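For reference, the structure discussed in these notes is given below.
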Number of protein chains: 2
Amino acid sequence: MVFAKSIFMRKESFYHLHSDICKTIANPRRLAIIDMIHKGEMTVSTLVKKIGISQANLSQHLAILRSKGVVQTRREGNNIYYSIANPKIIAAFDLISEVLRESTSSRSKTVSNAFDHKR
Amino acid sequence: MVFAKSIFMRKESFYHLHSDICKTIANPRRLAIIDMIHKGEMTVSTLVKKIGISQANLSQHLAILRSKGVVQTRREGNNIYYSIANPKIIAAFDLISEVLRESTSSRSKTVSNAFDHKR
DNA sequence: ACAATAGATTTGGAAATAATAATTTAATTT
DNA sequence: AAATTAAATTATTATTTCCAAATCTATTGT
């Protein structure tokens, strides 16, 4: 007998691309970058000052954000301005922030163990 | 002279928590799980069949989703039902899906190198 | 053309993740 | 109470991610 393909087999490449974007923003320093430029473009040197990490490390994070299309760049003389490529990234960022606020305020911090389900 | 704290120093713990949630969903198999249960609860054994990964591995992913409060559980007899804890997680998931669709359709797939900024 | 400034890339090692296999726990049925 | 079914946990190993240090490239000003 032939089995139907699982949802994972059918959509594996989609989930892979999706997780690539999520991984791209799943880093404290890259989130700080996104937070800094979400209201408008900013140069690398300004980001270095405001975020307070090394230029080399910032540049690495920017390269990752660039490679996944999360940010855009524009050069003006010696400076390169970075901005968010798609406003929906900001919307997603904000939604997760809300989840965070809601869970830290309401949810009890007990990490649920599935074996809590005793009778 | 005393320097002002960088945004990263001031909000580091926030960004860390934020990235924890992002990391939690930044995995193809966990995205498949979220996609499967986003319309309603489902048992572990049903998920094993539909997603098509081993029970042990699925259980590990469920434990990660549980520990970060992304999913909820409910036991009924021998079965444990999993569901999404906060609908905003789904909203964020959908937003990223849209970003993905938009970028695969419109954006040229050239990975931008910052040194493209030549004159 | 040379120095200075802004930013990117490479390399290497440490830490975090992910998948598999094997074992264990809980609830139900006989 | 033994067997069965559903799900979780524990090692173990392979892969990935992260940061720092050093080096390199592009642009501008002199």
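What you are looking at is a predicted structure, and each value in this text was computed from that prediction instead of being measured. The chains referred to below are lettered A, B, ... by the order of the sequence lines, with proteins before strands, and numbering in each begins at 1.
- Rounded to a whole Å, the CD1 atom of A:Ile64 is 18 Å from the P atom of C:dG7.
- With the nearest nucleotide of DNA chain D identified for both A:Ala56 and A:Asn78, A:Ala56 has the one nearer the 5' end.
- Across the protein-nucleic acid pair, B:Leu58 atom CG and D:dA7 atom C1' stand 9 Å apart, rounded to whole Å.
- Rounded to an integer number of Å, the gap from B:Ile80 CD1 to C:dA26 P is 11 Å.
- When the side-chain hydrogen bond (donor to acceptor under 3.5 Å, both in side chains) test is applied to A:Glu98, the partners found at least two apart in sequence or on another chain are B:Lys88.
- Here D:dT15 presents its C1' atom at 13 Å from NE2 of A:His16, a figure rounded to the nearest Å.
- The CG atom of A:Asp20 sits 15 Å away from the C1' atom of D:dT15 (whole-angstrom rounding).
- Side-chain atoms of B:Gln60 and base atoms of D:dA8 include no donor and acceptor less than 3.5 Å apart.
- At the heavy-atom level, B:Asn79 lies under 4.0 Å from the strands shown only through sugar-phosphate atoms.
- Between the CD atom of A:Gln55 and the P atom of D:dA21 there is a distance of 13 Å, rounded to whole Å.
- Applying the 4.0 Å criterion to OP1 and OP2 of D:dA8, one finds that B:Tyr82 has a side-chain N or O inside that range.
- For the pair B:His18 (side chain) and A:Phe93 (backbone), a donor-acceptor distance under 3.5 Å is present.
- Between C:dA6 and A:Arg75, no contact under 4.0 Å exists linking OP1 or OP2 to a side-chain N or O.
- Rounded to an integer number of Å, the gap from B:Arg74 CZ to D:dA7 P is 12 Å.
- Listed by residue number, the members of residues 21-53 of chain A with any heavy atom below 4.0 angstrom from DNA chain C are A:Thr43, A:Val44, A:Ser45.
- Taking atom CG of A:Asn57 as the reference point, atom C1' of D:dA22 lies 14 Å away to the nearest angstrom.
- At the phosphate of D:dA6, neither OP1 nor OP2 sits under 4.0 Å from any side-chain N or O atom of B:Tyr81.
- Remark: B:Lys11 pairs with A:Asp35 by the side-chain hydrogen bond (donor to acceptor under 3.5 Å, both in side chains) rule, at least two apart or across chains.
- An OP1 or OP2 oxygen of C:dA19 is reached within less than 4.0 angstrom by a side-chain nitrogen or oxygen of B:His61.
- Looking at residues two or more places apart in sequence or on another chain, you find no side-chain hydrogen bond (donor to acceptor under 3.5 Å, both in side chains) involving A:Glu12.
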Test side-chain contact (heavy atoms from CB on, under 4.5 Å) on B:Thr73 and B:Tyr81 and set out the steps.
CA-CA 5 Å; B:Thr73 59; B:Tyr81 288 84; over 6 Å; no
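- With sequence neighbours excluded, the residues that form a side chain to side chain contact (heavy atoms under 4.5 Å, CB included) with A:Gln72 are A:Ser83, A:Ala85.
- For A:Thr43, the side-chain hydrogen bond (donor to acceptor under 3.5 Å, both in side chains) partners at least two apart in sequence or on another chain are A:Ser45, A:Thr46.
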